[in-house]
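Sequence positions, counted from 1, serve as the residue numbers for this chain.
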Amino acid sequence: MNTYPDTKKTIELIKKLVEIPSPSGNTDKIMNFVEEHLSGLDIEMKRNRKGALIITIPGENTESHRMLTAHVDALGAMVKEIKNDGRLRLSMIGGFRWNAVEGEYCQIETSSGKTYSGTILMHQTSVHVYKNAGEAKRDETNIEVRIDEKVRNANEVRELGIEVGDFVSFDPRAEITDSGFIKSRHLDDKASVGMLLQLIRQIMSQGITLPYTTHFLISNNEEIGYGGNSNIPPETIEYLAVDMGAIGDGQSTDEYTVSICAKDSSGPYHYGLRKHLVQLAEENGIDYKLDIYPYYGSDASAAIRAGFDIVHGLIGAGIDASHAYERTHESSILHTENLLWHYVQSKMVFE
C-alpha cells in the first residue's frame, strides 16, 4: 500500500530540522544530519566548497537534467560587540526585523564549539526604570543579548570564550498541534528541505526511474542571497526552487495549498514552467494558489542573476508570518509534496 506522502512523518522530520541551529555561515551540523538521513540509500552525494550538498539521481535521459533546491540555512545573528556591562550587541544574518526576535531565547556558539543560552531583549526593557520602554526604537543599538551566565563586564564575557563573530541562533520554539499545524521559526526553508528529503527517499525506496537525471541542491547561503547560484551542471534545463509561499494582505497564498510563484522582486518566473506546474496540479487534484511575492528572492532567481541559461520556477508551502514565528498546515505540506512527486516524473517544458 502506497502511503506517500505521509505528512505526519514529513512534519516530524521538519521539527527535527528546525531544532538544529543553522544560521547562514554555520551549517555543518544540519548538513551532517541531512547526509546521515540519506546514508542508507545508494545515492550520490557531494559537498561543494560553499558547504552545500548536491544529491544526484540518474534518469532515463542523461543529457537533459533537472535541479530542485531548498535551503537549510536560517536567519540568525553574530556577536557585533561585547558591551561594558556584559551584554552582547548583534549584527543580523538575513533579512528580519528586530522586533520579530525581541524576547526570544537564543544560543551563542563560540569558535571552540561551546554554547551558552541567552535572551534577546531591548536595553530599555524594564518599565520600572525606563520611561520610554515601549517607544524606544527596535534596532541594533537598543537590542542586546542577556547571557545566562554570571557576567558583569566584557572581560568576564570573554573569559567564557565568547568573542566578536560568534554565531547566535534563535530558539525555534517548534510545536505540532492536534489541528495539523506546525509553528516554528525557520520553516523558511526547512519545511521544503524536509519535503525534498522525503521525496528522495520515496524515489529510491520505490525504485522509481525518473525521466531525467535529477539533482537536489540543499543550499546553505540562500538567506544572504547566493545559496544556489553555483555548481549547476551544464546539462541542467529546468531549475525549481522549493521555498515558501508568502502570506499577507493582497496575497492569494494560504496555509492549506501549494503556492506557485508567478513573479517576485527579481521579476517573472518562466511562464512555460509555471503553466506546466499549474497543469500538473489541476490534472492530479492538487490544491494550489498562484501568487506574486513583492519582497522576495530565491535560489532560482540567484541562479538566473549568475548567468545560468535555465528554465526557472518557484513553489512552496504557504508560510504565515515569514521571517518571524512562522506557521503552516499539514494540508499545505501535502499538496506541495504531491506537486513535487508529479513534477519530477513529468516531461520537461521544452520536450
Side-chain angles (χ1 to χ4, degrees), residues 7 10-34 37 51-53 69-78 90-109 115 117-120 145 167-177 181-198 217-225 227-228 241-247 253 255 259 293 295-299 316-330 332-333 336:
T7 55
T10 303
I11 288 175
E12 289 292 346
L13 175 58
I14 292 168
K15 186 172 184 291
K16 290 179 181 178
L17 289 165
V18 298
E19 289 173 343
I20 301 171
S22 59
S24 302
N26 188 13
T27 56
D28 277 351
K29 289 178 183 177
I30 196 164
M31 282 300 187
N32 291 339
F33 176 89
V34 171
H37 185 76
L53 183 66
T69 183
H71 65 92
V72 293
D73 63 307
L75 303 172
M78 270 187 174
L90 298 177
S91 176
M92 285 185 181
I93 298 175
F96 61 90
R97 298 292 179 263
W98 286 115
N99 64 288
V101 297
E102 182 183 356
E104 193 61 87
Y105 293 160
C106 65
Q107 175 181 291
I108 307 108
E109 181 179 341
T115 60
S117 65
T119 306
I120 300 171
V145 174
F167 284 92
V168 177
S169 303
F170 308 143
D171 186 343
R173 291 190 289 132
E175 182 180 334
I176 300 170
T177 72
F181 288 100
I182 178 169
K183 51 184 181 178
S184 175
R185 291 190 181 276
H186 317 314
L187 293 178
D188 170 22
D189 185 35
K190 295 180 182 182
S192 297
V193 173
M195 287 187 278
L196 287 191
L197 294 181
Q198 293 294 81
L217 173 64
I218 308 301
S219 73
N220 63 332
N221 289 290
E222 193 275 348
E223 293 294 357
I224 51 177
V242 189
D243 211 313
M244 64 164 189
I247 296 174
T253 296
E255 295 174 85
S259 181
Y293 313 150
Y295 310 109
Y296 194 114
S298 72
D299 275 334
I319 304 291
D320 187 54
S322 61
H323 284 199
Y325 190 45
E326 299 164 341
R327 191 185 76 167
T328 193
H329 192 265
E330 62 184 9
S332 186
I333 301 291
T336 306

Engineer: Step by step, would you call Glu222 with Thr69 a side-chain contact (heavy atoms from CB on, under 4.5 Å)?
Structural biologist: CA-CA 10 Å; Glu222 193 275 348; Thr69 183; over 6 Å; no
Engineer: Return the orientation label for the Phe33 and His37 ring planes: parallel under 30°, perpendicular over 60°, tilted otherwise.
Structural biologist: parallel
Engineer: On a heavy-atom basis, which atom in Ile11 and which in Glu330 lie closest, and how many Å separate them?
Structural biologist: CD1-CB, 3.5 Å
Engineer: Looking at NE2 of His323 and CG of Leu187, how far apart are the two atoms once the value is rounded to the nearest 0.5 Å?
Structural biologist: 11.0 Å
Engineer: Could you go through residues 169-176 and list every donor-acceptor pair under 3.5 Å that involves a side-chain atom there, pairing it with any protein atom two or more places apart or in another chain?
Structural biologist:
residue	atom	partner	partner atom	Å
Asp171	OD1	Arg173	N	3.0
Arg173	NE	Glu104	OE1	3.3
Arg173	NE	Glu104	OE2	3.1
Arg173	NH2	Glu104	OE1	3.3

Engineer: What's the verdict on side-chain contact (heavy atoms from CB on, under 4.5 Å) for Lys190 and Ser22, showing C-alpha distance, side-chain angles and the deciding distance?
Structural biologist: CA-CA 10 Å; Lys190 295 180 182 182; Ser22 59; 2.7 Å; yes
Engineer: Could you grab the distance from atom CD of Gln198 to atom OG1 of Thr7, nearest 0.5 Å is fine?
Structural biologist: 10.0 Å
Engineer: Of all heavy-atom pairs between Val72 and Val193, which one has the smallest distance, and what is that distance?
Structural biologist: CG1-CG2, 3.7 Å
Engineer: Checking the side chain of Thr27 only, and the main-chain atoms of Asp73 only, is there a donor and an acceptor separated by less than 3.5 Å?
Structural biologist: no
Engineer: Could you grab the distance from atom NE2 of His329 to atom CG of Asp320, nearest 0.5 Å is fine?
Structural biologist: 13.0 Å
Engineer: Identify the two heavy atoms, one from Pro23 and one from Phe167, that lie closest to each other, and give their separation to 0.1 Å.
Structural biologist: CG-CD2, 3.8 Å
Engineer: Please confirm whether the backbone N or O of Gln107 pairs with a side-chain atom of Thr115, one donor and one acceptor, at under 3.5 Å?
Structural biologist: no
Engineer: Which atoms form the tightest heavy-atom contact between Gly228 and Leu217, and what is the distance?
Structural biologist: CA-CD2, 3.7 Å
Engineer: Answer whether the closest heavy-atom distance between the side chains of Asp188 and His71 falls below 4.5 Å.
Structural biologist: yes
Engineer: Could you check whether any side-chain N or O of Ser259 sits under 3.5 Å from a backbone N or O of Gly316, counting only pairs where one atom can act as donor and the other as acceptor?
Structural biologist: no
Engineer: As a quick check of understanding, evaluate side-chain contact (heavy atoms from CB on, under 4.5 Å) for Ile333 and Ile14, giving each step before the final call.
Structural biologist: CA-CA 10 Å; Ile333 301 291; Ile14 292 168; 4.0 Å; yes
Engineer: Can you give me the closest heavy-atom contact between Val18 and Ser184, atom names plus distance?
Structural biologist: CG2-OG, 3.4 Å
Engineer: Nearest 0.5 Å, what's the OG1-NZ distance between Thr328 and Lys183?
Structural biologist: 13.5 Å
Engineer: Show every salt bridge (Lys or Arg N to Asp or Glu O under 4.0 Å) that has at least one partner inside residues 19-30, sequence neighbours left out.
Structural biologist: Lys15-Glu19, Asp28-Arg47, Lys29-Glu109
Engineer: Between Asp299 and Ser219, does a side chain to side chain donor-acceptor pair (under 3.5 Å) hold up when you go through it step by step?
Structural biologist: CA-CA 8 Å; Asp299 275 334; Ser219 73; 2.6 Å; yes
Engineer: Mind listing the closest non-hydrogen atom pair of Arg185 and Tyr325 along with its distance?
Structural biologist: N-CD1, 3.9 Å
Engineer: Please name all residues satisfying side chain to side chain contact (heavy atoms under 4.5 Å, CB included) with Ser322, sequence neighbours left out, ordered by chain then number.
Structural biologist: Met244, Glu326
Engineer: Please round to the nearest 0.5 Å and tell me the distance separating atom OG of Ser24 and atom CE of Met92.
Structural biologist: 13.5 Å
Engineer: How many angstroms lie between atom OG1 of Thr10 and atom CG of Leu196, to the nearest 0.5 angstrom?
Structural biologist: 10.5 Å
Engineer: Are any of the side-chain heavy atoms of His186 and Glu223 separated by less than 4.5 Å?
Structural biologist: no
